[in-house]
Amino acid sequence: MEELSHEDPSVLLEAASEFALYPGVQNDESVKNLLDRFPLPLIFSALQNKSDVPGLESTLLNCLERIFRTKYGASLIPQCMTFIQVGLSAESQSVRCLACKAVSSLLDNDDKVDDAAAQLVIDHGIYPSLLDSLTHGDELVAASSTNAIKSLASSPKGIDVIFPANVDESTHLRNVAANCSSLGRVRVMALIVKLFSVSSSVASRVHNSNLLNLLEAEVDSKNDMLTTLSVLELLYEFSEIPHAAEFLSRSTLLQLLTTLISDASVESILRSRAIMISARLLSPEDLSCLDESNVNAVLEALDARLESLKGQDADECEIALEALGQIGSSNQGAVLLLSSSSPVARHVVEAAFDRQGRGAQLAALHALGNISGENRSDHSKLLNDTAEECLRRIIYDTAGESPKLTPSGLFLSVLRQDSEVRLAAYRLLTGLVARQWCLQQICSKQEIIDIVTDAHSESTKNGMDARYNCCKSIYNALSALDTTHPSLIKIATKLQEAVRRGPYLSRDRMEAQPTVATSDRF
């Protein structure tokens, strides 16, 4: 069969195509069957010969990729290191991409007992070729090489190669970034973020190698808006990493973001991304690892920016309000927003009940729902006494300066708006009703009770769920009072009936009624 395949590549093409296009997951047995007919050296030879058979190269590459994904296929990769070396320097981007994926499969399927796979990569000088593919390959090659290097970082020997002790090594990532194009530099910085996410120990090596400074310096320079925006996107990804916060106190990232938020001369999109990144960094429940002065500086910058945005850029205003909601989703974050003499949360409350800008109002209502604890557990819904008093005062002051005069009037006004605003209002009341003053305000307006108990008011699942959760929260808060007041008992009964029906039943369940009729006969 091997000789036949050399003379007639179409036989190999047919078998490889059938294997590559198989709709299910290929197992070790199917791989063995294929390689019994067409050994790997034969497939590699067909690739190198560049036959004129249309589609041969792409089909063989897809076939090899599926082979290497299996446990058995990955076990054969150590025998193919020469092919991987050649593939990483091939002119064909598809071949380079496959070679990178083969390295990933080799490392991911290693038992990690003696770092044998990482040692193979080191012995065959694969890492410099991966770096070259990262900086000079196309988008798919760069992504595949990034994944391979990330897999290499999961092994002790691999970490030592990626972070050499000698900072003058050509493969040191700082030197690689300094000697490539702007696109290559962004890719190196993307790799740094990926490496940082592997584990806390790898993140420490990244930090100790001063590689995060590359991203900070790029943001600080603002030489190229597109490059700066790309780096901000990477920092947005960085802010999602669970262990990122513990390294922030040792970096200048928050200071740089604060400066960017405060800079009215830069593009709005750059400020908006800086606001979103800052919000993510300040959203964890425990902020003790962050420097308090840096946190306060971010909040002061957001406060000043929102103050200057009144009546101006709607998009940036919405993003800033959403950011405050993200910060306020944690108990500690909400306390921060309500702790200063001029609390930044006042912007959220004012916008939540202002119908001048619908997008900003929606963002503010959801943000205020987060601050009030809608998405927090029952034991962490309420804040400390100072923050609670501040929240109550801001809402009462906002109501007093509006035609509605009372918080209950504000609540009713948003519940009477369109479905999206109502959904946000349900979330707000679900969180706020844990406060007795809010419960009193809700019960003082029969119209509010009528809306939250009306199963016909919402037509979407999300709306029905939000209305039901709001109704249930009000009922639970009222039940906890153990009141004997007739009007409150009447309200509690109505709420209990609505809770009993559930979120989706618009009327009481109707029992099936049998129908008796004379049978039709032919």
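Counting from 1, the numbers follow the sequence of the chain as shown. Keep in mind that this is a model prediction, so the values were computed, not measured. Values reported hereafter were calculated over all heavy atoms of this structure, with side chains retained and with hydrogens, waters and symmetry mates removed.
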Testing [options] one by one against [X] for a side chain to side chain contact (heavy atoms under 4.5 Å, CB included), which residue passes?
| X | options | result |
| --- | --- | --- |
| L47 | L64, V86, L56, L42 | L64 |
| L106 | V121, L76, I126, L152 | V121 |
| F163 | N208, T171, L211 | L211 |

Any sub-3.5 Å donor-acceptor pair from [X]'s side-chain atoms to [Y]'s backbone N or O?
| X | Y | answer |
| --- | --- | --- |
| Q93 | D138 | yes |
| R96 | A142 | no |
| R66 | L61 | no |
| S30 | Q26 | no |
| N175 | E169 | yes |
| R174 | N213 | no |
| R305 | S262 | no |
| Q361 | A352 | yes |
| R187 | L134 | yes |
| D115 | K157 | yes |

Where is the tightest heavy-atom contact between [X] and [Y], given as atom of each residue plus distance?
| X | Y | value |
| --- | --- | --- |
| V231 | L215 | CG1-O, 3.7 Å |
| E318 | G359 | OE2-CA, 3.4 Å |
| V188 | A177 | CG1-CB, 4.0 Å |
| A99 | I84 | CB-O, 3.9 Å |
| R280 | S239 | CD-OG, 3.1 Å |
| L383 | R376 | CD2-NH2, 3.4 Å |

Measure the spacing between [atom1] of [X] and [atom2] of [Y] and express it to the nearest 0.5 Å.
| X | Y | atom1 | atom2 | answer |
| --- | --- | --- | --- | --- |
| L40 | C80 | CG | SG | 5.0 Å |
| I159 | S201 | CD1 | OG | 5.0 Å |
| C390 | L338 | SG | CG | 4.5 Å |
| T59 | L12 | OG1 | CG | 9.5 Å |
| L282 | Q326 | CG | CD | 9.5 Å |
| Y426 | L365 | OH | CG | 13.0 Å |

message = Counting only heavy atoms not in K194 (residues, nucleotides, ligands), do more than 12 fall under 6.0 Å from its NZ?
response =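 For K194, atom NZ is not crowded (no more than 12 foreign heavy atoms under 6.0 Å).
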
request  = Give a yes or no on whether E240 atom CD has more than 12 heavy-atom contacts from other residues, nucleotides or ligands under 6.0 Å away.
outcome  =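 It does: E240 CD has more than 12 such atoms within range.
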
request  = Show the numbers, then the answer: is there a side-chain contact (heavy atoms from CB on, under 4.5 Å) between S155 and D110?
outcome  = CA-CA 10 Å; S155 68; D110 186 43; over 6 Å; no

request  = For S92 and E57, run side chain to side chain donor-acceptor pair (under 3.5 Å): C-alpha distance rounded to whole Å, both residues' side-chain angles, the deciding distance at 0.1 Å, then the answer.
outcome  = CA-CA 10 Å; S92 169; E57 180 182 282; 3.3 Å; yes

inquiry  = Go through it in stages, so that I can follow the logic: the residues are E267 and R271, the test is salt bridge (Lys or Arg N to Asp or Glu O under 4.0 Å), and I'd like the CA-CA distance, side-chain angles, deciding distance and then a yes or no.
reply    = CA-CA 7 Å; E267 294 289 335; R271 278 195 307 272; over 6 Å; no

query = Does NZ or CZ of K101 come closer than 6.0 Å to the centre of the six-membered ring of F68, within 45° of the ring's axis?
reply =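 Not flagged: K101 not positioned over aromatic ring of F68.
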
Is the closest side-chain donor-acceptor distance between [X] and [Y] under 3.5 Å?
| X | Y | answer |
| --- | --- | --- |
| D123 | Q119 | yes |
| S265 | D263 | yes |
| S151 | D108 | yes |

Could you tell me if the side chain of [Y] sits less than 4.5 Å from the side chain of [X], heavy atoms only?
| X | Y | value |
| --- | --- | --- |
| L120 | M81 | yes |
| E307 | H347 | yes |
| H366 | E374 | no |
| E316 | I269 | no |
| I394 | P343 | yes |
| L253 | L281 | yes |
| D160 | R205 | yes |
| I77 | S105 | yes |

ask   = Yes or no on side-chain contact (heavy atoms from CB on, under 4.5 Å) for L428 and S372, after CA distance, side-chain angles and deciding distance?
value = CA-CA 7 Å; L428 169 59; S372 64; 4.2 Å; yes

ask   = side-chain contact (heavy atoms from CB on, under 4.5 Å) between E218 and R185: does it pass, once the steps are laid out?
value = CA-CA 10 Å; E218 199 67 53; R185 192 163 62 253; 3.3 Å; yes

request  = Could you tell me which residues satisfy side-chain contact (heavy atoms from CB on, under 4.5 Å) with L256, sequence neighbours excluded, listed by chain and number?
outcome  =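 Partners of L256 by the side-chain contact (heavy atoms from CB on, under 4.5 Å) criterion, ordered by chain and then number, come out as E216, D220, T252.
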
query = Would you call the rings of F44 and F83 parallel, tilted or perpendicular if under 30° counts as parallel and over 60° as perpendicular?
reply =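 Taking F83 first and then F44, their aromatic rings lie parallel (interplane angle under 30°).
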
ask   = Going through the distances and angles, do K461 and D465 end up as a salt bridge (Lys or Arg N to Asp or Glu O under 4.0 Å)?
value = CA-CA 6 Å; K461 183 181 182 301; D465 288 335; 2.8 Å; yes

H243-F196 aromatic ring centre distance below 6.0 Å =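 Yes, they do, as the ring centres are separated by less than 6.0 Å.
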
ask   = Can you list the steps and then say if T258 with N294 is a side-chain contact (heavy atoms from CB on, under 4.5 Å)?
value = CA-CA 8 Å; T258 302; N294 289 338; over 6 Å; no

